[in-house]
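Everything on this sheet refers to the single structure shown next.
Predicted, not measured: the structure shown is a model, and the values here were computed from it.
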Amino acid sequence: MTDRPTTAAVVRALFLETTFGRLWYAGAVASTMRWLESLAVGVFVFDLTGSAIMVAVFLFLRWAPLVLFGAWFGVIADRISRKSIQFVGLAAMSATSAILGVLIIFEAASMWHIGAGAFLSGVFTSTDYSTRRAMVGDAAGLDRVGVAMAFDTGTNNGTRMLGPALGGFLLEFMGLHGAYMLGAVFYASAAYAILRMPYYQARPAGPPPKVFANLVEGFLYARNEPIVVGVLSITVIVNAFGFPFASVLPVIGRDTLGLSAFPVGILASSEGLGALIGAIFVGMTVRPARYGKFFVCGSCLFLSGVLLFAVSTQFGLSLVVLFAAGFGVAGFSSMQSTILLSVTPPEVRGRVMGLLAVSVGTMPLGILYAGFLADWLGAPLGLALVAGQGLLLWLLLAIYWRRNVRPLTS
């Protein structure tokens with residue numbers, strides 16, 4: 001009987017394999033720029049308009065493509081080159097960021113340019129679950145997918161610490177064009193890494209896919225698997241009632257806490273720091289039997305942290321509760337893809353990951369809802385109502401999970 005390899009040994013082995021390392025780098029770059037631009041654009045728009053709903057509209061444009069294209073990419077990713085989808089997306093984001101940066105430098109940019117850039121960024125994000133994360137699963141193999149996803153998600157959580165802080169710094173000391181020009185450089189480097197990456201993808205035989213029919217097939221598979229239903233349902237709750245806090249955070253930071261752009265970025269980064277440390281903990285302790293506990297309990301901790309942040313009136317307390325919320329995000333997000341990749345057969349994996357993208361894509365609706373309540377009732381009360389509703393729905397799903405979902409075995 002051989003000893004089980006340590007988590008560190010598995011990670012080292014994964015990075016010795018070129019495919020995983022390049023996918024990890026591309027994901028780290030895309031995630032850093034995603035959170036950097038979200039924070040910078042949110043503060044920039046609020047400073048110009050003074051409107052919480054306008055901030056929500058721009059972040060809605062950033063995340064709406066997940067609803068429009070997430071499942072579609074999940075279907076076609078089973079048939080065409082995932083590597084090509086990633087390369088084209090990264091190259092397009094590099095060009096978009098460069099164009100926006102130049103327009104801002106020459107004072108030729110309008111609000112609609114920034115909105116269009118946010119939408120294009122969202123289109124690229126909608127490919128991540130069904131292409132890059134599926135590729136990570138292929139590169140790691142079923143026996144290492146838990147560690148690989150925990151490490152990849154931990155990195156992405158770390159970028160949620162780095163991205164907002166860097167975005168706030170660039171916005172305060174350089175302007176919005178600094179954020180976009182940095183993005184152009186890093187997106188280009190990630191596109192090059194993907195271009196040089198070895199990757200083999202087995203494609204199913206048969207006629208070309210019918211997108212709607214295959215999507216329905218994915219739904220039919222998912223509804224008969226309680227664990228898939230549970231993961232997708234809790235994902236909807238967390239994304240619709242938890243993550244929209246990011247659209248209200250610049251408003252609370254500016255109005256309630258009286259912060260400038262850089263401290264607002266630090267505030268947002270505290271959640272990312274908690275997520276990073278939490279992901280390290282998850283990666284060190286992850287076992288199949290614990291996947292569900294990390295996922296369900298992490299989602300509860302995150303929603304509770306958002307609720308406490310909404311009612312906080314002190315910068316220090318806000319940092320602490322967002323740090324705790326980030327620790328919850330680590331358990332939720334690390335296990336989200338891991339559970340689905342572990343229980344779904346390869347022939348429907350891309351479609352199920354597409355459904356996950358659609359579930360994550362409920363975030364734009366939550367962003368608009370949170371923005372509306374923040375404009376109507378004030379940012380703190382509006383966000384508290386959103387998070388409280390999320391906790392009530394989470395309780396119902398936690399009962400469903402306990403009654404219907406059995407722990408995974410090794």
Side-chain angles (χ1 to χ4, degrees), residues 27 29-49 51-70 72-73 89-90 92-97 99-101 103-104 109-129 132 156 159-160 162-164 166-168 170-171 176-177 179-180 182-184 186-187 235 238-251 264-265 268 271-272 329 333 356-372 374 386:
V29 166
S31 184
T32 299
M33 300 316 304
R34 180 183 312 143
W35 298 111
L36 184 157
E37 292 169 7
S38 293
L39 187 282
V41 169
V43 174
F44 180 79
V45 170
F46 184 70
D47 285 346
L48 284 182
T49 65
S51 170
I53 192 64
M54 285 302 298
V55 176
V57 166
F58 274 80
L59 289 181
F60 172 84
L61 292 172
R62 175 68 181 75
W63 294 102
L66 276 173
V67 178
L68 300 175
F69 308 118
W72 186 75
F73 276 119
L90 288 163
M93 286 311 306
S94 178
T96 300
S97 297
I99 291 170
L100 287 172
L103 287 174
I104 294 171
S110 301
M111 294 286 280
W112 78 264
H113 290 122
I114 298 174
F119 185 81
L120 289 174
S121 181
V123 172
F124 171 65
T125 300
S126 67
T127 70
D128 185 69
Y129 288 92
R132 194 190 65 84
N156 291 337
T159 65
R160 288 175 37 222
L162 174 64
L166 188 56
L170 290 172
L171 183 61
L176 188 59
H177 66 276
Y180 282 122
L182 182 67
F186 276 101
Y187 278 127
T235 296
V238 171
N239 282 274
F241 297 94
F243 284 120
F245 91 94
S247 67
V248 184
L249 186 146
V251 182
V264 171
E271 187 254 342
V329 166
S333 57
L356 178 61
V358 172
S359 300
V360 173
T362 57
M363 187 193 303
L365 302 177
I367 287 173
L368 288 182
Y369 180 50
F372 169 76
V386 172

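Taken to the nearest 0.5 Å, the OG1 atom of Thr159 stands 10.5 Å off from the CE atom of Met33. Distance check, rounded to the nearest 0.5 Å: CG of Leu59 to CD1 of Ile367 gives 5.0 Å.
For Leu61 against Pro65, the heavy-atom pair with the smallest separation is O-CD, 3.4 Å. Nearest heavy-atom pair across Gly168 and Leu39 is N-CD1, 3.6 Å. Considering all non-hydrogen atoms of both residues, Ser51 and Ile53 come closest at OG-CG2, 3.0 Å. Contact between Ala268 and Pro164 at its shortest, heavy atoms only, is CB-CB, 3.5 Å. Heavy atoms only, all atoms of each residue included: Trp63 and Arg34 are closest at CH2-CD, 3.5 Å.
In this pair, Phe241 and Tyr369 present their aromatic rings perpendicular. The plane angle is above 60°, beyond the 30 to 60° band.
The side chain to side chain contact (heavy atoms under 4.5 Å, CB included) test applied to Ala52 returns Val251, Ala374, Asp375, not counting sequence neighbours. Phe119 is linked by a ring-ring contact (aromatic ring centres under 6.0 Å, His included) to nothing, counting only residues two or more places apart in sequence or in another chain. Every residue meeting the side chain to side chain contact (heavy atoms under 4.5 Å, CB included) condition with Leu176, not counting sequence neighbours, appears here in chain and number order: Ala40, Val41, Phe44, Ile104, Ile114, Leu171, Tyr180. In this structure, Ser97 has no side-chain hydrogen bond (donor to acceptor under 3.5 Å, both in side chains) partners at least two apart in sequence or on a different chain. Residues meeting the side-chain hydrogen bond (donor to acceptor under 3.5 Å, both in side chains) test with Ser38, sequence neighbours left out: none.
Between Thr125 and Arg62 the shortest side-chain heavy-atom distance falls below 4.5 Å. Counting heavy atoms from C-beta outward, Leu170 and Leu36 have side chains that approach closer than 4.5 Å. You'll find the side chain of Thr49 reaches within 4.5 Å of the side chain of Met111, heavy atoms only. Side-chain contact between Phe186 and Thr32 is absent, with no heavy-atom pair separated by less than 4.5 Å.
Ser31 places no side-chain N or O within donor-acceptor distance of the main-chain N or O of Gly27, the cut-off being under 3.5 Å.
Counting heavy atoms of neighbouring residues, nucleotides and ligands inside a 6.0 Å radius, atom CZ of Phe46 exceeds 12 of them.
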Donor-acceptor contacts under 3.5 Å from residues 357-365 side chains, at least two apart:
unit_1: Ser359; atom_1: OG; unit_2: Leu355; atom_2: O; d: 3.0
unit_1: Thr362; atom_1: OG1; unit_2: Ser359; atom_2: O; d: 2.7

